[in-house]
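Below you'll find the structure, written out as structure tokens, and then a few comments.
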Number of protein chains: 2
Amino acid sequence: MARGLSEEQLAAYFTLTEVGNLLEQAVSDQLRADGDLSPVQFQVLATLGEPGAPDYRMTDLADRIVYSRSGFSYQAGQLEKRGLIARERDGHDERSTVVRLTAQGRDLLARVMPGHVEVVRELLLEALPPRDLQTLRGVLDPVRDRLRSRPPRSARPRRRTG
Amino acid sequence: MARGLSEEQLAAYFTLTEVGNLLEQAVSDQLRADGDLSPVQFQVLATLGEPGAPDYRMTDLADRIVYSRSGFSYQAGQLEKRGLIARERDGHDERSTVVRLTAQGRDLLARVMPGHVEVVRELLLEALPPRDLQTLRGVLDPVRDRLRSRPPRSARPRRRTG
DNA sequence: TATTGTTATACTCTATAACTATA
DNA sequence: TATAGTTATAGAGTATAACAATA
């Protein structure tokens, strides 16, 4: 089995997967309790709320969060209904929609973040000496960049319309 | 923001999350194409098919895969319908159900694995020198153990039944 | 009385394809 | 003709609570 992959390599991959799953499960409970948010919704808000965040179009966020456009439209609708984000026409390209965080969205993010950070600290960081954390970043950043550089789903050709 | 968490720490966490998401997306496409499996279904088969795998009860797998029991019952039903797993009574505790891989399940796993490994290699391993891979394991294994040691969802008290 | 597992139900999420509008 | 976004639809996945059986 695992043609050309060592046990070691496969094990590392499965560990990465399992850590991701277990972490998401715990985080999911916290986000639901503190802000009635799904992990995906939190990710949208957090991405928009990052310090030097650029303007995002719908497609940009869909690609980043790993959603089909339609799926992201749905989520954006949910968040907009709650007044957490706003959508407005892009002045440069009338086809595009720019998404931004509202004041309410920023508030909710601020309200959810402490508990979120607490969970992350407890589950991830306390098991990681600062030195290892830095190592983790050094190791994963190139992987992330490699993954980001792949053509996103939105780049797939669409079927001809009737 | 991020009371008590450094930028560095938060960034490492977000990177871990994003790598997990992007990896799962790519893997998901491959599993669907090669075996008509969701990532979760693959995870069930792969867990059951590991070399020295023990007997698993339904609850054990639900906890491991991060599902509610009912959700796992649903997935087990899907896999059983396709003849990929089998459920049988546990001789030691008549309440329990033991899950095992069928020959068909083993076949499918073997058929899906090469493509799966290929994706993992391309997206994860080629960006990781062997040395870093070992580091990654050393860093994540304790985290995984810590996460596993938490009380799983199935341990939550159930509401009194009417 | 607690635990294992299933089921009924309701809801959320997701993708595909059709559709509108702009480039 | 291609791209950005939305929507309709249909299906998959998930959780809660109720249920049956065993410990």
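Per chain, numbering begins at 1; letters A, B, ... match sequence-line order. The basis for the numbers below is simple: all heavy atoms, side chains too, and nothing from hydrogens, waters or symmetry mates. For clarity, every value in this text was computed on a predicted model and none was experimentally measured.
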Partner residues of A:Q78 under the side-chain contact (heavy atoms from CB on, under 4.5 Å) criterion, sequence neighbours left out
A:Q41, A:Y74, A:Q75, A:K81

Show the atom names and distances, to 0.1 Å, of all donor-acceptor pairs under 3.5 Å that link a side chain in residues 129-142 of chain A to residues at least two apart or in another chain.
from	atom 1	to	atom 2	distance (Å)
A:T135	OG1	A:R131	O	2.9
A:D141	OD1	B:T15	OG1	3.4

Rounded to the nearest Å, what distance is computed from the CG atom of residue B:L31 to the P atom of nucleotide D:dG13?
13 Å

Nearest-Å distance for atom pair NE2/P, residues A:H92 and D:dA4:
16 Å

How is B:D93 classified with respect to the nucleic acid when contacts are heavy atoms under 4.0 Å: base, sugar-phosphate, or nothing?
sugar-phosphate

When rounded to whole Å, the CZ to P distance for the pair B:R95 and C:dA2 reads 13 Å

In chain order, what residues pass the side chain to side chain donor-acceptor pair (under 3.5 Å) check against B:S70, with sequence neighbours excluded?
B:S68

Which residues pass the side-chain contact (heavy atoms from CB on, under 4.5 Å) test with B:D29, not counting sequence neighbours?
A:R153, A:R156, B:Q25

Whole-Å distance between C:dC13 P and A:I65 CD1?
14 Å

From CE of A:M58 across to P of C:dT22 the rounded distance in Å is 17 Å

Using a strict heavy-atom distance below 4.0 Å, which residues from residues 32-46 of chain B are in contact with DNA chain C?
none

Which residues share a side chain to side chain donor-acceptor pair (under 3.5 Å) with B:D63, sequence neighbours left out
B:S154

Taking side chain to side chain donor-acceptor pair (under 3.5 Å) as the definition, give me every residue that meets it alongside B:E80, ordered by chain and number, with sequence neighbours left out.
B:R87

Reckon A:R57 has a side-chain N or O less than 4.0 Å from the OP1 or OP2 of D:dA4?
yes

Rounded to the nearest 0.5 Å, what's the gap from CG on B:L23 to OH on A:Y13? Could you check?
5.5 Å

I would like to know whether A:Q30 and A:F42 meet side chain to side chain contact (heavy atoms under 4.5 Å, CB included); could you show each step before the answer?
CA-CA 11 Å; A:Q30 181 268 325; A:F42 170 76; over 6 Å; no

Using whole Å, what does the distance between atom P of nucleotide C:dG5 and atom CD of B:E94 come to?
12 Å

Please output the side-chain donor-acceptor pairs of residues 44-55 of chain B that fall under 3.5 Å, not counting sequence neighbours, one pair per line with the distance.
from	atom 1	to	atom 2	distance (Å)
B:T47	OG1	B:Q43	O	2.6

Here the salt bridge (Lys or Arg N to Asp or Glu O under 4.0 Å) pairs for residues 92-104 of chain A, sequence neighbours left out, are A:E88-A:R100, A:R89-A:E94, A:D93-A:R95

Return the residues of residues 79-86 of chain A meeting this criterion: a heavy atom under 4.0 Å from some atom of DNA chain C. Order them by number, or give none.
none

Using the 3.5 Å cut-off, write out each protein N or O paired with an N or O of nucleotides 7-11 of chain D and the distance between them.
none

Would you classify B:Q75 as touching base, sugar-phosphate or nothing, given that sugar-phosphate means primed atoms plus P, OP1 and OP2, and contacts are heavy atoms under 4.0 Å?
sugar-phosphate

Could you tell me how far apart B:D63 (CG) and C:dT3 (P) are, to the nearest whole angstrom?
13 Å

note: B:D55, atom CG; C:dT4, atom C1'; distance rounded to Å ~ 16 Å

Identify, with sequence neighbours excluded, every residue that meets side chain to side chain donor-acceptor pair (under 3.5 Å) alongside B:R82.
none

